[in-house]
Structures are given as structure tokens and as C-alpha cells.
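Contents: one structure, followed by commentary.
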Amino acid sequence: MHPCQYPCQHPCQVVFADSADGSKNITLRTHHILIQDGAALHIGAPKCRYRSSATIALMGRSDSAALPETPGLGRKFIGVLGGGTLELHGTERVSWTLLTRSVPASGLPTGGYAFQRNFSRGINLRVIDQDTAAVLFSERYDTHDSRNDSRTLTRLLRSLPAGRIVALAVGDSAVKSLLDETKTAIAERLGSSFVYNLKYRQAWALVSEVQGGNATCSEDVREHENHDTRGRALASRTFSTVEGVAFSVTAYSEWKNGGIALAQILAIKSSASGINIKDGHSVSPSGFPISGFQVDAEDQVVLNLQDEVQPTWRPGDQVVLASTDFSMYQAEEFTLLPCLWCSSRQVRIQGKPQFLHVGEVVDGVDMRAEVALLSRNILIYGEMETSCYGKMCRFYGHDTFGGHIKIFGNFSSVHLSHVELRNMGQQSQTGRYPVHFHMCGDVDQRGGYREPTYVDGLSIHHSFSRCLTVHATNGLLVKNTVGYDTLGHCFFLEDGIEQRNTFYHNLGLLTRPGTLLPTDRNESLCTSIRDKVYEGYTPSPSTECKAVSTFWIAHPNNNLISNAAAGSQDAGIWFVFHSSSTGDSHGLVPETRAELTPLGVFYNNRAHSNFKAGLIIDKGVKTTNASAADPREYLCLDNSARFRPHQEADSRLPRVAAVIDALVSYKNNDVGAWIRGGDIIIQNSGFADNGVGLSFASDGSYPSDEGSSQEVAQSLFVGESRNRGTNAGQNKYWGLGGVDAKLRTLPRNRTFPIRGFQIYDGPVRLTRSTFRGFVSTPERFTSAVGFSLKNTWQLTPRNNLSQLSFHPSVSRRVASTSKYTTCTQTPKQGTRSHLNQAQKNPSSPNPNTRLLPPSPTQVGKSGNRNDELETTLSKCRGRSLISGGGQQPSAGAGRHLNPLSPAHLSRTLVGEL
């Protein structure tokens, strides 16, 4: 049977029709869809993807009395129960990629230009650099009243070099003293056709290139009649900078009659950025003149991308461009426009960006913004009310009762690929998420599924409760999926017993606070929601809540590979530990031993633009209900957990080092990574523009257990990079900083002492790493290496720093008083630094070499990405350093592993992945 011929032998099988040219457009509106006992819903198939447009609209209100709730599912859902099949497969498209060229705020490096003025008599002129779009010269020539002004304008026009852009606009009138020689210069140098016949108070605008002739000249003229030109003389042309950035130059001129009040004009002055209206003139009923200029990239900005996205990214599609600054709110959505001149790795966007989005490796750290496609040809969405209703209006000003997809155990087959989910999730109650695998057990071969369960290439956006929830489910593959603008934890492992799941090449951004769990809540929600605490107890936000994360990983035995956490209210990636199973799994696993379980594969992940931290490995959750003895809410944060992985999760067996490999963490307000426990190794990683780059805390057992240790190797720390950010988008602090001492966005506050590596207690070893860009300012100190400022815990004398390189831009190198701490000297001016030596000697360790993610040209298309994933997993699973229980330890990986041993270093993954 051809893969496109779906069987329809069972009456409960629903198959969406398709056409070869993709011309069908099918919409299904329903309150819910329930699939069970052999029933199936098919839209496309893995080998015959759906080409047309398919939409499922889920409708209904939370308070509807007309339709009863379905047990376990509620309302407004697609539910898959035992024996059910859900196969949704849209057209395969690049889910997300990276910028390869920076996009400045406004789309232009110069920031654009806008100017408007009333009663600016004569010819107003702007000269623009054709290579940079910068306005070089601005002047007004009163050619109505001054012949000298006309002569001055003539001399200027004759002196301009060929190719320069000139914009002219008349304010009021310009012809009474406009000399013939000036008219000739405008005609010859700028290609004007109208200048010789200009009349009194005519509106006239021109944009042209010097010596470009009539072909490069855009001009317009409007007749003046009864103090009104009945429209605007508008001239506009599009140009391109030397870097290929398109921009438009616009000039305009008009007369308006007295119908607009002065108050309206002054309102324009106070609200429009860059608009300047001349004061001191009243607006008479006889009318007034307006002239102005604009230089911008509106509808002209082209995004240069890492992957070949054409032709599957199409005009009309929606994309989101991630923040590359401290504030996640600098993420921006755009609609794609037609672009005949774009290459396969370029797209043109409607409008223009408000913020800088970096598209390069800055000071050795990859800060390229993620660009995600939100549109898919299969769409499932919740129909929403236009206004808020119900109990959630206490916290949100809009309807939060979206649709949801819930999959129960013993399903027959579930595979979802390249589907768009919009307005999904229900904030009012738990268990109602955009995609929810609910207590499914093993969903791979171990669970008897010949085709392991996966979700691939989903776009989950504008969600009201999480993105994707893995609940008491093991062996699920989640890849190439985007979660954008969500409430509560985005990629969410729920009960603390979920294992062997793999998250590969997923992107989450703009993760906002939610209400469901204490860890979802921000400070105000934490103290406002008190229905589950004991007798009026007031929660402590800093210790019980404020943990909402893009990736909430409730068990260490899961794999995170090539993911991006690009903006959360609290953390990008948070590993948290449940001492026993919680939620619906309560009592199933009385002791999870999660704190003792070896870490799965953690490789090539990136975290940035998070308000608290890029990566956190620390803390547990409270596993008992509120009581007089402990009034805190069930599942609030708890400080009892200490990650200390051992073989087979057995503390009597040797320790197994947890390896964090190739992490990139930048522009996180508090800390790039906070990690508690041991043995833990961070290698080949980069930290930049964080309040504190990296801080370790031990598991608290030293000196009783000398095997607990932490290590950082072959990594790069940048205090303040050349990415200075944008003073907007909810960034709180703006001040001087960096090597260039220029204005930039700042973490925490203006006086916070930025540190690269922070020593908390230990023992920790920092080796073969590089520091750059740590410069103090008059308002604050800055340290490449420093201690925690508020630490009352003991400090081990066995902390060790060795083979470190400090770039000359490090002005305050090591803040340390321990005589046991050692460090290499900083190279003097003129000597070869550690980085330079590495460039000349390839065998020398170079902390920059592993900060770039694999190129798509190396990985290939999606099938080859799967091959790379399998290769990565097989290599990592074969090593006791990062595999699960039951693996044999490598030589010497025992309880008394010496953190200073070269043999210890040789067992890391350097050179193998």
C-alpha cells in the first residue's frame, strides 16, 4: 500500500484528505476529540507528510454548563486513551536556526533617523551616507527670502561626491529667491524634473543620488490651494549599505488647513520618537506647512540565517527573534515578506526590530540569536474569549482557558511532527497542557513500542500553561520543538520519576510566571496564592517560589543535547531533585534516589537572557502537605537536596562524575550557572556578561568525604563583552562598563561586582581556562576570580587554580586570600597569551574551540541530525562518567577520586563528541 493511502476499515478512523498541490484547506471546529479503543486520527504520515492546510479549533469556556466535563480531561481537548492512535505530520520545515549577522535596533547600525517640523520655510536638506545610512549633514536654506541661502545651497550641491544621497523637502514656500543656478544644480546633480516649475507654496519632496540622473531620482509635487495641498508630496527610495542592509530614505512636504488643533500637534511632539515640531507658532485656520525626513529599514530588514530555510519558510509565516540581552522581553515577532533577491539562508521581515539581536561569536562566546518559525500547515488552537472571566482574572487580564492535548498510558501509537499549537493550556488547573504525556510509563522499545514515541518540530506558542509535560513517562524523544511565550515551566518533567527522556535541539524563550505550582510563581503570585499553606502562613518568595524555568528537569537521568533556553523569568535550565515521587505518582516510588543518580548526557546546550540563572543544579521540592510542623505548600522549593551521583544510585559504590560539556551561558542577570554537589565537571564551556559567570557549592560533606569535588576545564570567562545591548525592553540598568568604558546594559545593578568564577566552598579545581574583559569602573569592582561576598560556610584549603590565562583586558584578576590557591601569572604586554599559543600549537588546549554548536553543513538535514543524536548518545552512554546505573566504572573513578589527577581529566569527553 502506498504510504499516502490510509486504511479506513474501522469506523472510528478519521483521516484528513490531502492533495498533491497542497490546495485543500480543512477546518474542524469541535469541543473535544476523544481517541480510544482502536480509534485513530491521522493528518499526514511520516513518509507522506501533509501538504495542505489543516486546522483544528477547540472551543468552549471553563464555566460552560451546556457541556459536561470528561473525567480526567475536562473540556476543550484532544485526548488519547488506551488503544488510541494520534498521528499528525505536517510539512517538514526548519524549526529554528541562528542568526549569522547581527541585526541592530531599528535595523540600521546608525539607529535610523526621523524628523518633522512645521513652518520650516525654504528648502530643507539632508545628506545621507550611501554606505552606512548615517545622516551626514542637516540644514535649512530659506530660498524664499534669501538669495545668499540659494547660492550656499548651490555650492553645497556642486561639492557633494557622486553617489551621496540627498533628500530635499519644502517647508512653506521656497521659490521667491530660488536662483536659476540653484535650480540648474538640482536638475543636473540630482536629476530633478520639477524644480524649474516650482510655484509659490507648492509642496515638493525629492530623494536622489548625486550624479545618478533621472533614473535615481524620486520626487513628488502637490499643488497649494486654499491653504491645503490635499495630500502629501512624498519621495522615497530604497538603498543598500556596504554590508548589504537595505534602507529607505523618505522626504515629505505638505500644507494642512486649520482643521488640526495645536494640541494635537503638540501631542505628536510628545509621543513620537525623533519628531521635532517647532514651537512658538500658532495654528491658524488658514493652514500650516509640514516637512520632514525619515531614514529607516522599515520592511527592508533581511535576516541572515545559519540553515537553509528556503523554500519552506514562506511569505506570511510568523517568526520570532530571540533576545541577546539581559531581558527576555527583547524577543520580537515578525511576519515574513516576499524576497526575490534573498538566498536560501535569508528571509525578509515586515517592520523593523526595536532591539539589537546579535548574530556573531562575540569575544569567543557564541551569542548568535535564535530565530524560530512559529507557523506550520497543521494548526491546533484554542478559541479564546475576547475578555477575561473566572478566577484567573485576579492574576491575568485575558482568557487563559485554552485547548490541550493529553495522552494516557497504553495508547497504540502517538507521533507528532511539525504541528503548530497556539492558545493551548489551561492556567486554572493542573494537567491541562499543550502536550501532556500523562503517566504513560515506557514509551520506547522498552515499553513494547516498535516505533518509539516522539514529538518533532512542534511550534508551541502563546500558551497559557507550559509547553510540553512529561509526566511519569520514560524514553520519550522531544526534538526540534519551539516553546515561546508561555506561562509556567515550559519543558516540564513533573513527578520526579521521569527517566531516559531525550531533549534534542529544542528552543524555549519568553517563559513567564504561572500560578499552578509554587515554583511557577513570581514574588507577587507567591505571596498572593495561599490556599494550600497552613493557616495563613505567608510564603517566602526567595526560598519557596521564584523558580520558573524553560527546562524543568526533575530527575538527572535524562538527556539534554543542543537545546537553547533563551529567556525565562528565573532560570533557563533547572535540575531539581525529588526525594520521593510526587503528584499523581505519590507513593509509587517511596525513594527516588535522584540525588544519587548519575547525570544523563548534557552536551552543547545554551542559556541566556534569564533573570536569575542560565543553569541551576540544586535544591529539591517539599514532598509533604502543609502542616503545623511545616506550614509551607506542597511542592515548594526545598533546600535539602545535594546532588552526589554514584554508580547505580548507591552511595556505597564509587562516585560517578556528572559532566557538563559545551555549555554556553551569557546575559543572565544573576549567574551563568549555579551548581551544588559533586563530583561535577564543566568543560569546553563559555560564560559571558553574567552577574557571576559560574559558582560551585559542594554537597556539604567535605572533609568527611574527600571524593566530593568539582572541576572546570578548558573554558572561557568573559566579564563584559562587545555586546553592549539595548537600553530598552525591560532592561533595568544602563551605565558605563566594558573594556571600552561605553554605555551598556548591566546585570543586577550599577554597583554589583561582576565576577567570572566564584569560589563558594570547595574543593574545586579551575584549570586550563581563559579570562577576558574584567574591568572595574568608578562605581564597582570587577574580578575574574573571586569569592562569594556573603558566604558564612567553611572554605576548604584544597581549592586549586592552575594553567589559567588572563587577557590584558583583565584589570582585577584574582580576588583571593588563600595561600593554598595557585595561579599562573598573567602574560605581560608583548608576550604570547594562552589563546595565542593555542592558535599556533593545535595540540595546546584552547578554551574557545568548543563554544560553537555543530554547523548544519556538518550535521546535514534532519535525518543526519538524528544520526548525530544517536552517535552522541551511544558514545556518552558507553562511559560510566555520565551513564545510568549498572555501568562499570572507568579506572580510578572511585570514592577518593583526586580532582587534581591528570587521569581524572583524561576521562572527560574532550575530543570524543
Side-chain angles (χ1 to χ4, degrees), residues 1-9 13-30 33 35 39-58 78 80 85-97 305 307-319 335-340 342 344-348 371-381 403 405 413-424 434-435 451 453-461 479-482 505 856 860-866:
M1 180 181 293
H2 190 274
C4 291
Q5 296 175 329
Y6 303 103
C8 196
Q9 301 171 355
Q13 291 217 1
V14 176
V15 181
F16 274 49
D18 200 359
S19 61
D21 61 357
S23 60
K24 290 187 178 296
N25 190 340
I26 300 175
T27 297
L28 171 64
R29 293 183 70 242
T30 179
I33 300 173
I35 309 169
L41 173 61
H42 292 271
I43 305 179
K47 294 184 179 179
C48 184
R49 296 191 169 274
Y50 197 73
R51 295 177 288 265
S52 300
S53 295
T55 301
I56 298 177
L58 298 171
I78 297 175
V80 183
T85 293
L86 181 62
E87 296 285 339
L88 308 178
H89 302 277
T91 301
E92 189 169 6
R93 313 171 83 174
V94 174
S95 183
W96 65 277
T97 183
L305 306 174
D307 290 281
E308 291 188 357
V309 298
Q310 303 285 14
T312 61
W313 288 24
R314 304 185 181 100
D317 285 346
Q318 298 293 120
V319 298
T335 301
L336 298 187
L337 296 174
C339 185
L340 298 177
C342 286
S344 61
R345 288 185 168 90
Q346 292 179 318
V347 292
R348 184 164 71 104
V371 185
L373 179 71
L374 299 179
S375 304
R376 303 289 189 273
N377 67 315
I378 298 177
L379 169 64
I380 301 173
Y381 75 97
I405 299 174
S413 176
V414 172
H415 301 94
L416 311 176
S417 64
H418 300 279
V419 178
E420 178 182 354
L421 303 174
R422 187 181 74 223
N423 293 344
M424 301 287 280
V435 180
E451 295 293 333
T453 308
Y454 65 80
V455 297
D456 177 16
L458 302 191
S459 166
I460 306 169
H461 62 96
K479 63 178 182 177
N480 301 321
T481 290
V482 175
H505 198 254
K861 297 183 179 179
S862 59
N864 291 331
R865 283 183 187 255
N866 294 337

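It should be emphasised that the depicted structure is a prediction, and the values quoted were computed from it without experimental measurement.
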query: Closest approach of D21 and S23, non-hydrogen atoms and distance?
result: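 Scanning both residues, the minimum pair turns out to be OD1-OG, 2.8 Å.
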
Calculate, to the nearest 0.5 Å, the distance between atoms [atom1] and [atom2] belonging to [X] and [Y] respectively.
X    : Y    : atom1 : atom2 : value
C339 : L337 : SG    : CG    : 8.5 Å
N377 : H89  : CG    : NE2   : 12.5 Å
I43  : T55  : CD1   : OG1   : 9.0 Å
Y50  : T91  : OH    : OG1   : 9.5 Å
S344 : E308 : OG    : CD    : 3.5 Å
L58  : T30  : CG    : OG1   : 7.0 Å

Check whether [X] reaches the backbone of [Y] with its side chain - one donor and one acceptor, N or O, closer than 3.5 Å.
X    : Y    : answer
D456 : S417 : no
S95  : N480 : yes
Y454 : V414 : no
R422 : L374 : no
T97  : L305 : no
S459 : L421 : no
R51  : S19  : yes

field: Test log, rule side-chain contact (heavy atoms from CB on, under 4.5 Å), inputs V347 and V371
entry: CA-CA 11 Å; V347 292; V371 185; 5.9 Å; no

message: Using side-chain contact (heavy atoms from CB on, under 4.5 Å), reason through I33 and V14 one step at a time and then give a plain yes or no.
response: CA-CA 11 Å; I33 300 173; V14 176; over 6 Å; no

Below 4.5 Å, heavy atoms only, C-beta onward: do [X] and [Y] meet side chain to side chain?
X    : Y    : result
S413 : E451 : no
I380 : L88  : yes
V482 : I460 : no
L28  : F16  : yes
V15  : H42  : yes
Y381 : E420 : no
T481 : V435 : no

query: Between M424 and I405, does a side-chain contact (heavy atoms from CB on, under 4.5 Å) hold up when you go through it step by step?
result: CA-CA 8 Å; M424 301 287 280; I405 299 174; 4.0 Å; yes

query: Between the side chains of N25 and S53, is a donor N or O closer than 3.5 angstrom to an acceptor N or O?
result: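 Their side chains do not contain a donor-acceptor pair, so the 3.5 Å distance test is not met.
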
Listed pairs under 3.5 Å, donor-acceptor, residues 309-317 side chains, sequence neighbours left out:
from : atom 1 : to   : atom 2 : distance (Å)
Q310 : NE2    : Q346 : O      : 2.9
T312 : OG1    : V309 : O      : 3.0
W313 : NE1    : V94  : O      : 2.9
D317 : OD2    : R93  : NH2    : 2.4
D317 : OD2    : R314 : N      : 2.8

